[in-house]
Amino acid sequence: MNKLRTTITAIGKYTPKRILANPELEKMVDTTDEWIRTRTGVIERHIVEKGEATSDMGAAAFEDMKNRFSVDPLDIDLIIVATVTPDMFFPSTAAIIQHSIGAKNAWGFDLSAACSGFLYALVAGLQFIETGQHQKVLIFGADTMSSITDYTDRNTCVLFGDAASVVLLESTKGNDDSGIIDSIVKMDGAGQKYLYMAGGGSKNPPTHETIDKKMHYLYQEGRPVFKFAVSKMVETATEILERNSLTGQDITLFVPHQANIRIINACASKLKLKDEQVMRNIDKYANTTAATIPLGLIEAMDEKRIKKGDIILLTAFGGGFTWGSILLRWGFNYG
Ligand code: UT7
């Protein structure tokens, strides 16, 4: 079977209307705007309204995609939703989104890889395009982090926000050389103890006790996660550049996962990138887990920072631990 090349042909985003800015958090926990800005880079984050779920944000992101590009939901073959905050255990958020957007001919599934979820889902989705099994695959990165955040814990509540973004994958046409060039995805389950949500699953089914112990909220030991994040993101970014005979100078834009501005800056400096080569929007959205990278891509597109033919490097690190890098050549001009 001939291997086809996969490219992103459309993109959409949604961020909830309600904004939770640092001064409001100062009233909720023992923190300061100054600490949050300097230690994380976050100024504000978007938070869903009560009752608004991950699938609602995903459907709204698809609506944005439809408003920008010509996409017919009936043409979609497969929906993959990268999320750690599904609407519920089952049915999958993919099934719920399939129904709400009217993608009647699609099958799909959820994929759990925390902050690396979007990269994992891209790699999963492109297999179906490259083998010719499917023509149109939707990849969602969507997380309602506010649903698993303890707003009395200053160690975590300042870090996260809610958002969804979606890309459409198709094969490249003719001799177009755009598309996903290479990918590296990694996992090390030894890292599970540093970043997790213990309650609610089969290990600790929900009881009054698990609720009292706040096990339904995410837990993070920030320092080791920080250390691993920088070293693993730089490691895969360097490896993917080297094995494609490229250097940092060859890429137009580095779109890293947005967990901490100090992680982003450390990676950029180790990769010897100039400021204008690095996507940073953590100030506006905080860490939106699986949504950060596609949100970075669409904002870069809207800001005209990327055009057809540009080389883009995506890199993420998250719970699991999971991490990876994807190298791609952008396929279109927008606006
Ligand atoms: O997206 C998935 C992957 N996640 C990440 O990549 C996150 C990686 N980790 C981080 O970004 C950082 O470790 C954090 C932002 C979570 C924490 O920053 P840090 O510089 O590593 O701080 P720390 O945890 O070492 O804490 C330093 C101090 C502590 O006080 P003491 O023990 O020194 O008195 C904390 O209690 O800062 C305190 N602290 C705060 N102070 C004010 C922690 N959170 C806050 C806060 N406001 N919100």
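Keep in mind it's a predicted model, so treat the numbers as computed, not measured.
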Residues two or more places apart in sequence or in another chain: which of them pass side-chain contact (heavy atoms from CB on, under 4.5 Å) with [X]?
X: E44; answer: I19, A21
X: P86; answer: T83, T93, D110
X: S147; answer: T85, T144
X: P91; answer: M88, A95, I96

For atom CD of E276, is the number of surrounding heavy atoms from other residues, nucleotides or ligands below 6.0 Å larger than 12?
->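 Counting neighbours around CD of E276, more than 12 heavy atoms of other residues, nucleotides or ligands fall under 6.0 Å, so yes.
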For W107, check side-chain hydrogen bond (donor to acceptor under 3.5 Å, both in side chains) against everything at least two apart and list the hits.
->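 Here the qualifying residues are H134.
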Taking only residues two or more places apart in sequence or in another chain, which ones pass side-chain hydrogen bond (donor to acceptor under 3.5 Å, both in side chains) with S55?
->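 For S55 the side-chain hydrogen bond (donor to acceptor under 3.5 Å, both in side chains) partners, ignoring immediate neighbours, are D87.
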Rounded to the nearest 0.5 Å, what separation is found between the [atom1] atom of [X] and the [atom2] atom of [Y]?
X: R45; Y: N287; atom1: CZ; atom2: CG; answer: 11.0 Å
X: Q98; Y: F62; atom1: CD; atom2: CZ; answer: 11.5 Å
X: F89; Y: S202; atom1: CZ; atom2: OG; answer: 7.5 Å
X: D182; Y: I240; atom1: CG; atom2: CD1; answer: 4.0 Å
X: S325; Y: F254; atom1: OG; atom2: CZ; answer: 7.0 Å
X: R37; Y: E34; atom1: CZ; atom2: CD; answer: 8.5 Å

Between T156 and Q220, is any side-chain donor less than 3.5 angstrom from a side-chain acceptor?
->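 Note: T156 and Q220 side chains miss the donor-acceptor criterion.
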Scan side-chain atoms only and decide if E299 and Y285 contain a donor-acceptor pair under the 3.5 Å cut-off.
->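 Side chains of E299 and Y285: pair found under 3.5 Å.
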For D75, which residues count as a salt bridge (charged side-chain N to carboxylate O under 4.0 Å, His left out) partner, sequence neighbours excluded?
->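 If we apply the salt bridge (charged side-chain N to carboxylate O under 4.0 Å, His left out) test to D75, skipping adjacent residues, there are no hits.
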Output all residues satisfying salt bridge (charged side-chain N to carboxylate O under 4.0 Å, His left out) with K173, sequence neighbours left out; order by chain, then residue number.
->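 So K173 forms no salt bridge (charged side-chain N to carboxylate O under 4.0 Å, His left out) with any residue.
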Quick one: does [X]'s side chain get under 4.5 Å of [Y]'s, heavy atoms only?
X: Q258; Y: T288; value: no
X: C157; Y: L25; value: yes
X: R154; Y: M28; value: no
X: T289; Y: V84; value: yes
X: F109; Y: S92; value: no
X: F69; Y: L168; value: no
X: V167; Y: L122; value: yes
X: W323; Y: C115; value: no

Are [X] and [Y] connected in the hydrophobic side-chain network, where two residues link if heavy atoms are under 4.5 Å apart?
X: I298; Y: F118; answer: yes
X: L327; Y: L253; answer: no
X: F128; Y: I8; answer: yes
X: F228; Y: V230; answer: yes
X: F140; Y: L119; answer: yes

Please report, to 0.1 Å, the donor-acceptor pairs under 3.5 Å made by any side chain of residues 263-274, with sequence neighbours excluded.
unit_1	atom_1	unit_2	atom_2	d
N265	OD1	R280	NE	3.0
N265	OD1	R280	NH2	3.0
N265	ND2	I261	O	3.3

Please assess E63 against K66 for the test salt bridge (Lys or Arg N to Asp or Glu O under 4.0 Å), listing each intermediate value before the final yes or no.
-> CA-CA 5 Å; E63 202 51 39; K66 272 201 319 185; 3.7 Å; yes
Would you call E235 and K232 a salt bridge, using N to O less than 4.0 angstrom?
->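 Judged by the 4.0 Å cut-off on N to carboxylate O distance, E235 and K232 do form a salt bridge.
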Going by an N to O cut-off under 4.0 Å, is there a salt bridge joining D150 and K214?
->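 K214 and D150: salt-bridged.
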Donor-acceptor contacts, no H, no angles, side chain residues 183-192, under 3.5 Å, sequence neighbours left out:
unit_1	atom_1	unit_2	atom_2	d
D188	OD1	A190	N	3.0
Q192	NE2	G189	O	2.9

Can I139 and V81 be said to form a side chain to side chain contact (heavy atoms under 4.5 Å, CB included), step by step?
-> CA-CA 6 Å; I139 306 290; V81 181; over 6 Å; no
Backbone of [Y] reached by a side-chain donor or acceptor of [X] within 3.5 Å:
X: T252; Y: I312; result: no
X: E26; Y: N22; result: no
X: N244; Y: L241; result: no
X: Q277; Y: I251; result: yes

Identify the heavy atoms of V71 and I76 that sit nearest to each other, and give their distance.
->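 Residues V71 and I76, closest heavy atoms: CG1-CD1, 4.2 Å.
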If you look at every heavy atom in G161 and A286, which pair is closest and at what distance?
->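 Here G161 and A286 meet closest at N-CB, 4.0 Å.
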Would K13 and D64 satisfy salt bridge (Lys or Arg N to Asp or Glu O under 4.0 Å), going step by step from the backbone distance to the final call?
-> CA-CA 6 Å; K13 68 166 181 178; D64 181 50; over 6 Å; no
Quick one: which of I180, T172, L126 gives a side chain to side chain contact (heavy atoms under 4.5 Å, CB included) with R5?
->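 The residue from I180, T172, L126 that satisfies side chain to side chain contact (heavy atoms under 4.5 Å, CB included) with R5 turns out to be T172.
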Applying side chain to side chain contact (heavy atoms under 4.5 Å, CB included), run through L159 and T40 and close with a yes or a no.
-> CA-CA 7 Å; L159 303 175; T40 73; 3.6 Å; yes
Taking it one step at a time, do V29 and D153 satisfy side chain to side chain contact (heavy atoms under 4.5 Å, CB included)?
-> CA-CA 7 Å; V29 288; D153 175 14; over 6 Å; no
Kindly give the cluster partners of V48, where membership spreads through any ILVMFWY side chain lying under 4.5 Å from a current member.
->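 ILVMFWY cluster around V48 also holds Y14, M57.
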Salt bridge (Lys or Arg N to Asp or Glu O under 4.0 Å) between D77 and K136, intermediate numbers included | CA-CA 6 Å; D77 301 303; K136 291 180 195 280; over 6 Å; no
Name the atoms and distances for all side-chain donor-acceptor pairs under 3.5 Å in residues 328-335, with sequence neighbours left out.
unit_1	atom_1	unit_2	atom_2	d
R329	NH1	G309	O	3.2
W330	NE1	F332	O	3.0
N333	OD1	K308	N	2.7
Y334	OH	R68	NH1	3.3

Worked verdict on R18 versus H46 for side chain to side chain contact (heavy atoms under 4.5 Å, CB included) = CA-CA 6 Å; R18 175 164 144 56; H46 294 241; over 6 Å; no
